[in-house]
Structure formats: C-alpha cells, structure tokens
Amino acid sequence: MESAQPPQGSLSWRLSSHPITLLTFLAFRVSSLLVYLFGVIFTDNMVMIFIITILLLAADFYYLKNIAGRRLVGLRWWNEVDPATGDSRWVFESGDPAARSLNATDGRFFWLAIYAQPVLWVALAILALVRLKFMWLPLVAIALTLTITNSLAFSRCDKFSQASNIAGSALYSGNLAGNIASNMVGRLFTFGRS
C-alpha cells in the first residue's frame, strides 16, 4: 500500500529540492549547539570544546552564506571593500522568483533554522549568566555575532518578504493576526464614542 505523500512545504527533508544541501545545512546548525551543550560529557577540556564549537560555527556561517542560502532560497549576500577609500559596502542579492521556482519545504526549513538558532544562543547566554559560568560567555557572544549576522543579512536579501510570510504562516493560517488587527483598529476608531 502506498503511503500518502506529505503536502509541499511540510517539514520533511524528503520533499526538498536539494536534500544533501538541506541536511548539511541542518547538521552544521545543530552540531555547534550539541558540542557546546554536550561536549563536557566527552572531555573536561574547555579549550577543546571552545575550539570545536568555533570551528563548527565558522563552517556553518560559511556554508549558510555561500552555499545553502543560494541553493535553498536563492539568496546571497557579501561585503565589498573599496580599496581606494576603505569603505565597506554590503551587497544583497535575491534571485528572480519568476525565473526560478523555490521549494516551499526548503524555504520553511531555511527560515526556521536561521531564526531559531540565535534564539537558542540567547537562551544559552542567559543560562550561562544564571549559572555564573562567565567563561562560556565569549563563545556565546561569538555564536550570537555569527548567527545574527547571517539572520539579518538574509532577511535583508529577502526583498519579496518570503521570510515574514513563512515565519508568520502559523498566525495567519488561523486568522489570529487578522482578528487581533481588526479588533485593535476597531477600538481605535470607536475610542471616545458613547
């Protein structure tokens, strides 16, 4: 008996147009967090955990910026420095949506992972502060810098608002956002009456 195929846009890597790119992207995203969280189980050497986590974060940054962003959602960004003046200029590029069809599953995985990881690193920073483990804060600061840079740059690349549409699809599908907005606007115009 044939199993039913999940709808396009579901969080199933089998629906991806680029499954190897997607799985490698997710592996880099998860591996730095896992080494940071569970590295102490395998070694007591904080320096080794620090170095491995930094290397994984750098690999994640490079892979996301140069490969995964381009293949999964058709977005690229880079920084150019004018040799004459030394001025830095950020360049954002978005593929033409008419020329290329993007896979909804790839997009959902991409935007979910790109926004979830900085949130997790912020939670780990708070945890390090609460537990008074200040020696881990430089590593968390580096992780936040790299992940937030990619998040902001790819959000800036997305001139067609795909990120906000995918990230907010849960709210919009239940018409929750529409109800909240109409109630707020309705109250604004009825304020002072009666």
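Quick note: numbers below take in every heavy atom, side chains included, and nothing from hydrogens, waters or symmetry partners.
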Undergrad: Using a 4.5 Å cut-off on heavy atoms from C-beta on, say whether the side chain of Arg29 contacts that of Leu64.
TA: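 Heavy-atom side-chain distance check passes, below 4.5 Å.
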Undergrad: Check Val30, Leu33, Ile148 against Gln117 for a side chain to side chain contact (heavy atoms under 4.5 Å, CB included) and give me the one that passes.
TA: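 Testing each of Val30, Leu33, Ile148 against Gln117, the sole residue satisfying side chain to side chain contact (heavy atoms under 4.5 Å, CB included) is Leu33.
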Undergrad: Within the supplied structure, the quantity of interest is the number of heavy atoms (other residues, nucleotides, ligands) at a distance under 6.0 Å from Met46 CE; does it exceed 12?
TA: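 Yes.
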Undergrad: If two hydrophobic side chains count as joined below 4.5 Å and joins carry through other members, does Ile51 share a cluster with Phe38?
TA: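 No, it is not one cluster - the side chains of Ile51 and Phe38 are not joined through contacts under 4.5 Å.
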Undergrad: Please determine whether residues Ile20 and Ile67 belong to a single hydrophobic cluster, defined as Ile, Leu, Val, Met, Phe, Trp and Tyr linked transitively by side-chain heavy-atom distances below 4.5 Å.
TA: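 Different clusters: Ile20 never reaches Ile67 through Ile, Leu, Val, Met, Phe, Trp or Tyr contacts under 4.5 Å.
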Undergrad: Looking at every heavy atom in both Asn79 and Ser88, which two are closest together, and how far apart are they?
TA: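 Answer, listing the atom of Asn79 first, then Ser88: OD1-OG, 2.7 Å.
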Undergrad: Grab the two heavy atoms, one from Phe154 and one from Lys65, that are nearest each other, plus how far apart they are.
TA: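 Looks like CZ-CA, 3.9 Å.
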Undergrad: Test of understanding: clusters of I, L, V, M, F, W, Y form through side-chain heavy atoms closer than 4.5 Å, transitively. Do Val40 and Leu139 belong to the same one?
TA: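 Result: yes, single cluster for both.
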Undergrad: Do Trp121 and Leu57 have side-chain heavy atoms sitting under 4.5 Å apart?
TA: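 Yes, side chains in contact.
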Undergrad: Using a 6.0 Å cut-off, check whether atom CG of Asp44 has over 12 heavy atoms from anything other than its own residue.
TA: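 Atom CG in Asp44 is not packed in, count stays at 12 or less.
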Undergrad: Report the distance from atom CZ of Arg70 to atom CZ of Arg76, rounding to the nearest 0.5 Å.
TA: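 Rounded to the nearest 0.5 Å, the CZ-CZ separation comes to 7.0 Å.
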Undergrad: Which heavy atom of Phe92 sits nearest to which heavy atom of Cys157, and what is that distance?
TA: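 Smallest interatomic distance, heavy atoms only, reads CD2-SG, 3.7 Å.
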Undergrad: Can you check whether Leu132 reaches Phe134 side chain to side chain, under 4.5 Å on heavy atoms?
TA: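 With C-beta onward as the side chain, the pair touches.
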Undergrad: Within a strict 4.5 Å, meaning less than it, do heavy atoms of the Leu34 and Leu56 side chains meet?
TA: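 No; the side chains remain at least 4.5 Å from each other.
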Undergrad: I need the Arg131 CZ to Leu124 CG distance, nearest 0.5 Å.
TA: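 Between atom CZ of Arg131 and atom CG of Leu124 there are 10.0 Å.
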Undergrad: Do Asp87 and Thr85 have a side chain donor and acceptor closer than 3.5 Å?
TA: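 Side chains of Asp87 and Thr85: pair found under 3.5 Å.
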Undergrad: State the CG-CG distance between Leu129 and Leu137, to the nearest 0.5 angstrom.
TA: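 Leu129 CG to Leu137 CG: 5.0 Å, rounded to 0.5 Å.
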Undergrad: Show your reasoning for whether side-chain contact (heavy atoms from CB on, under 4.5 Å) applies to Thr21 and Asp106.
TA: CA-CA 10 Å; Thr21 303; Asp106 289 340; over 6 Å; no
Undergrad: Less than 3.5 Å apart, any donor N or O on the side chain of Trp77 or Asn150 sitting next to an acceptor on the other?
TA: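 A donor-acceptor contact under 3.5 Å links the two side chains.
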Undergrad: Could you go through Trp111 and Val73, starting from their C-alpha distance and side-chain angles, then the distance that decides it, and tell me whether this counts as side-chain contact (heavy atoms from CB on, under 4.5 Å)?
TA: CA-CA 9 Å; Trp111 292 112; Val73 291; 4.0 Å; yes
Undergrad: Applying side-chain contact (heavy atoms from CB on, under 4.5 Å) to Phe42 and Ile49, what does each step give before you reach the verdict?
TA: CA-CA 9 Å; Phe42 301 106; Ile49 296 169; over 6 Å; no
Undergrad: Can you list the steps and then say if Phe61 with Thr145 is a side-chain contact (heavy atoms from CB on, under 4.5 Å)?
TA: CA-CA 10 Å; Phe61 183 84; Thr145 301; over 6 Å; no
Undergrad: Could you see if Trp78 belongs to whatever hydrophobic cluster contains Leu75? Use Ile, Leu, Val, Met, Phe, Trp, Tyr and a side-chain cutoff under 4.5 Å.
TA: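 In one cluster with Trp78: Leu75, no.
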Undergrad: If you compare all heavy atoms of Val140 against all heavy atoms of Ala125, which two are closest, and at what distance to 0.1 Å?
TA: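 Heavy atoms of Val140 and Ala125 come nearest at CG1-CB, 3.4 Å.
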Undergrad: Determine whether the aromatic ring centres of Phe25 and Phe109 lie less than 6.0 Å apart.
TA: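 Ring centroids of Phe25 and Phe109 are no less than 6.0 Å from each other.
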Undergrad: Where do Ala128 and Tyr36 come nearest, in terms of heavy atoms and distance?
TA: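 Where Ala128 meets Tyr36 most closely, the heavy atoms are CB-OH, 4.3 Å.
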Undergrad: Output the distance between atom CG (Asp60) and atom CG (Leu26), rounded to the nearest 0.5 Å.
TA: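 Reported to 0.5 Å precision, the distance equals 10.0 Å.
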Undergrad: Look up atom OG in Ser32 and atom CG in Leu55, then write down how far apart they are to the nearest 0.5 Å.
TA: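 It is 11.0 Å, given to the nearest 0.5 Å.
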Undergrad: Going hydrophobic residue to hydrophobic residue with side-chain gaps under 4.5 angstrom, can you get from Val119 over to Phe110?
TA: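 In one cluster: no.
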